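Everything below concerns the one structure shown next.
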Number of protein chains: 2
Amino acid sequence: MKIAMAQVNSRIGDLPFNTSCIINIIEKAKASGASLVVFPELSVCGYPPRDLLNFDPFIEQCLEAITQIASHCNGIAAIVGGPDFNKGNSGKRLFNAAFFLEAGKVKQVYHKGLLPDYDVFDEFRYFEPAKSFRIVEFQGKKIAITVCEDIWNLNQPALYSFTPMEELIEQSPDLIINISASPFSWNHCLERLSMVSNNARKYSLPIFYCNQMGAHTELIFDGGSSVFNSAGELVDSFEPFTEDLRVYHLEEIGKMKAREITESLSEDDICMLLHDALVMGLRDYFHKQGLKKAILGLSGGLDSALVLVLAARALGNENVWAILLPGPYSTDHSVIDARELAQKLNIRYDIISINDTVQTIMQAVEPLTKDTIPDTTEENVQARARAIILMALSNKFGHVLLNTSNKSEAAAGYGTLYGDMCGGLSVIGDLYKTQVFSLARFINASQEIIPEHTIIKPPSAELKPDQKDSDSLPEYPLLDSILFKYIEKQMTPGQIVASGHDADLVNKVVKLVNNSEFKRQQAPPALRVSSKAFGSGRQMPIVAKHL
Amino acid sequence: MKIAMAQVNSRIGDLPFNTSCIINIIEKAKASGASLVVFPELSVCGYPPRDLLNFDPFIEQCLEAITQIASHCNGIAAIVGGPDFNKGNSGKRLFNAAFFLEAGKVKQVYHKGLLPDYDVFDEFRYFEPAKSFRIVEFQGKKIAITVCEDIWNLNQPALYSFTPMEELIEQSPDLIINISASPFSWNHCLERLSMVSNNARKYSLPIFYCNQMGAHTELIFDGGSSVFNSAGELVDSFEPFTEDLRVYHLEEIGKMKAREITESLSEDDICMLLHDALVMGLRDYFHKQGLKKAILGLSGGLDSALVLVLAARALGNENVWAILLPGPYSTDHSVIDARELAQKLNIRYDIISINDTVQTIMQAVEPLTKDTIPDTTEENVQARARAIILMALSNKFGHVLLNTSNKSEAAAGYGTLYGDMCGGLSVIGDLYKTQVFSLARFINASQEIIPEHTIIKPPSAELKPDQKDSDSLPEYPLLDSILFKYIEKQMTPGQIVASGHDADLVNKVVKLVNNSEFKRQQAPPALRVSSKAFGSGRQMPIVAKHL
């Protein structure tokens, strides 16, 4: 039996687009002799559709799309993910389902049993967990279909009180198929491979793992669909961040050469993944909304330089516009470095001084502020003057403003709300500053693209004379190490101190994070590439006493 | 047996504050002869603590607080809500628990069975649902303790596949106690009373319903704790939005006079509730963060006038500062109306023209925009010039900027991101414009507080000559009617048309709502007073094709 897997880039809510894409792939798979073609979780509507699921007619349209897709399943079967109504007399309205389509109709429906509800996942908001599970018989083979989290219950203590595979294995399946929508994060991809492998080994069955790719606002899906033999060895895996259709002889999985699974990713591997994830995230944000053009403020610093490179790669240099906005404390080299980069990338740039704007605003408030001393107010006015100019150009010419803040700044609240925190999308908002350096070095590896001076000069917001980030923040390697423990590892200040950091410094950093929660809740969505990004995956109260 | 109920205003995460407040009330209840005193759901840490629950030491501190509270329970028992570890070998880390404290220690722990996960609720993110339920025996009485949603499963089809009271009733309880954290919404309060009453009647038992009051960022809890006799009749209810402790003779509940439960609220009732909810919401946002002073832009229009009145009532007129920011298209009467209101309320106001700022910004971009025609860009620059001036004063003097947008604007995207959408807190962001009118009339009922002219003049953003809101939006009663059906009722455009609206208009309005999702996700938190507010309760994707 030949089984095809389709790693597709669905569009949230765009049922006509997704349906026609799925039908085309079914035809292709049939032409290549496949008996069965597998699509990712909720592929008919894209994952995550969020509160679109609350509208009954939306579900009805999804079911109609499934029927339409089924009508193309002649001479080939397909597994397609989509929402299904719960027809029982209690529980949530919906199931998260895998539809098995054969002979022109829906032959069997499998409902997901384990619903993730942590970090960016909120499946209990919509779905009822299934409690019983049946294999599908097809061409003499018994298939254990599972949906994403269904195979993620091997850890101890188990997060869920039952495991669908335990019931399915009693029915003597010949193989496992898992359809997923498992998002990318640089510190999670190996864990995913290992979890799929462990299932293959535990149940002594080959697994076909089919994962969604593509980006949906902040969530990035790499795909990385793969096949494991019954010994748990990886025998094939798809290119990440790429749509693809591959066909396998089920009978030959056991004979395919096993590939080594690396135990840890090198810094270069990680940079490559981050780079490709962010480029796809940017591209999908624009193209899925029918948008083409981006604008950004290019400061001469490293953050905006990196965003410019990524944007040029994602959208084409002709679609990116850089604005240099020197202010009263900008250094000459900032303008020089920014211009050099724009010229090297062949990107249109313009220079607009913010000095008059800043001066006029300070004059406007002068009758009220004349007896005060300078503080961060004056710095914020500069950041906001830049934002108001960028937004004027964005509005006038229809370019989407890209935000260029990094995660260290966002964490520490080292940014101006309605100033440098503006933008439709935060491109590197889930990269710590130390990762920004690494990615810049990675991009420059074979050829200097980002001016060396931009990388080596001390980071500065240039909002007052001779300002350096290190005046108010610890050096970034130290800051990022504490932030990573607090945010990704969810360690308390006490635990971070016990891990070897200075108590005063830890308390200062944690306080900065907690006190700037109100800022982050008004920040643009940030492309998520870590296991704990700011945004929907980290829900902290604003009015609260923190740890 | 005398039972006391404490409607308390907890502080999220502030365990020392909450603990000391609970202990004080226990002493008071004991002094008044009560045998048992009841506190709301998660009262030890406040509801909702959100991702603070992900930190184990936070849970440990909650449990220590419970132990400390228990040590004060001598001669009196207490029921206190808090998180508890799940000591089983599978499932989520935590339970949402009611601790029964007696004789100086924790006598019994009840775990919540039904976990809400819809609208603003996300309890599956943190908690494992309990599957078995035991009554508590105390002074010869059998008490069925339940936590909030546990008694919310009487509708058909049932949202949950089991009902804790069905198991508890088998154990022959003498009364039901429900501890809750059920947030306020104007179109939900009667449903809540009716649900509690239905439980009393169904199980023929008196119910003591103890609900949290106080505001936590956007979430507002009215309290409205109440007692029902075993016939389901309301015999007492607490004042909403007020902390209180009341004591009841259990044996006399059956003899207490039943109060009428109104079938529907009058417009005046609703306005009173909205008024009190917003005043408390504002006050708690400030005072729980140790903040005192607010600033806002007073335009002469109705929205900012209403916010000024509410802010003066919540914070004291001496703590509110109004800035009048006339621009190139402001009418004289706007400044006159704004000044009249500020003077009447004895609120400090200052006038700063935005004209120079607007002109300077337009000059700054002029080399790039000179061949373009005026559009919304020029309007947005005016709104953002106001924001940058307000934020400069906010930063300089430490006043929190209040946002004055209403729900109709937020829905239709009729507001400028980083302009009039700025602020730490949106005060009336969950009031449709028609509700803003009603509330203004309510405030003016006995005496003109808001200038009549502010109420009767046609709404205008005054961003271009002779502009009226009705130039680009339908009249508000019509707009709000469509918005209510789309947002609160979750009807699709087709269903709204079928309910009697013009198809083109419905499609236009729905498109405005969908296309402005990116704006709302960067809006400040808005005090939630409806059953479906923008914010955490409505999670729509940005990059998506909508219905």
Side-chain angles (χ1 to χ4, degrees), chain A residues 11-14 50-51 54-55 57-58 89-91 117-118 122 124-125 157-158 160-161 216-217 285 288-289 350 352 356-357 360-361 364-365 368-369 372 376-377 380-381 384 387-389 391-393 395-396 418 422 424 490 492 518 522 524-525 538-547, chain B residues 11-14 50-51 54-55 57-58 89-91 117-118 122 124-125 157-158 160-161 216-217 285 288-289 350 352 356-357 360-361 364-365 368-369 372 376-377 380-381 384 387-389 391-393 395-396 418 422 424 490 492 518 522 524-525 538-547:
Chain A
R11 298 187 170 204
I12 302 283
D14 195 343
R50 302 214 184 269
D51 281 4
N54 287 345
F55 292 80
F58 181 76
N89 55 12
S90 72
D117 212 300
Y118 50 79
D122 56 359
F124 265 99
R125 185 171 173 88
Y160 306 94
S161 56
H216 298 136
T217 315
Y285 180 86
K288 286 182 177 179
Q289 294 187 90
D350 287 280
I352 300 178
D356 291 348
T357 304
T360 308
I361 292 160
V365 297
L368 302 172
T369 60
T372 64
T376 52
T377 305
N380 287 331
V381 166
R384 291 188 181 119
I388 199 168
I389 289 170
M391 286 304 299
L393 297 173
N395 291 162
K396 185 59 89 181
Y418 322 129
C422 286
Q490 301 194 49
T492 59
F518 75 99
Q522 295 189 41
R538 188 173 184 274
Q539 300 183 3
M540 282 294 177
I542 291 177
V543 180
K545 185 165 179 293
H546 290 263
L547 283 165
Chain B
R11 299 188 169 204
I12 303 283
D14 196 342
R50 301 218 185 266
D51 282 3
N54 287 346
F55 292 80
F58 180 76
N89 54 12
S90 73
D117 212 300
Y118 50 79
D122 57 359
F124 265 99
R125 185 172 173 87
Y160 306 93
S161 55
H216 298 134
T217 316
Y285 179 86
K288 288 184 176 180
Q289 294 187 90
D350 287 280
I352 300 178
D356 291 347
T357 303
T360 308
I361 292 160
V365 296
L368 301 173
T369 60
T372 64
T376 53
T377 305
N380 286 332
V381 165
R384 292 189 180 117
I388 200 167
I389 289 170
M391 286 304 298
L393 297 172
N395 290 162
K396 185 61 89 183
Y418 322 129
C422 287
Q490 302 194 47
T492 60
F518 76 98
Q522 295 189 42
R538 188 173 186 275
Q539 299 184 2
M540 282 294 178
I542 292 177
V543 180
K545 186 168 178 293
H546 290 263
L547 283 164

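Nothing here was measured: the structure is a model prediction, and the numbers come from that model. Proteins get letters first, then strands, A, B, ... in listed order; numbering begins at 1 in each.
By number of non-hydrogen pairs under 4.5 angstrom with chain A, the leading residue of B:Asn395, B:Asp117, B:Ile12 is B:Asp117. In terms of non-hydrogen atom pairs under 4.5 Å with chain A, the most contact-rich of B:Gln522, B:Arg50, B:Lys545 is B:Gln522. Interface summary for chain B: among A:Asn54, A:Val365, A:Asp350, A:Thr360, the most heavy-atom pairs under 4.5 angstrom belong to A:Thr360. Put simply, of B:Thr372, B:Thr376, B:Val381, the one with the most heavy-atom pairs under 4.5 Å next to chain A is B:Thr372. In terms of heavy-atom pairs under 4.5 Å with chain A, the best-connected choice from B:Thr492, B:Thr217, B:Asn89, B:Val543 is B:Val543. Counting heavy-atom pairs closer than 4.5 Å to chain A, the top-ranked of the candidates B:Gly91, B:Pro157, B:Pro57 is B:Gly91. Between chain B and the residues A:Tyr118, A:Phe124, A:Tyr285, A:Phe58, the most heavy-atom pairs under 4.5 angstrom are made by A:Phe124. Most heavy-atom pairs under 4.5 Å with chain B, from the set A:Ile361, A:Ile389, A:Asp122: that is A:Ile361. Contact count versus chain B (heavy atoms, under 4.5 Å) is highest, among A:Met540, A:His216, A:Arg11, A:Lys288, for A:Met540.
Proximity to chain B involves both the backbone and the side chain of A:Asp356, based on heavy atoms less than 4.5 angstrom apart. Both the backbone and the side chain of A:Leu368 have a heavy atom closer than 4.5 Å to some heavy atom of chain B.
When the ring-ring contact (aromatic ring centres under 6.0 Å, His included) test is applied to B:Phe518, no partner is found at least two apart in sequence or on another chain.
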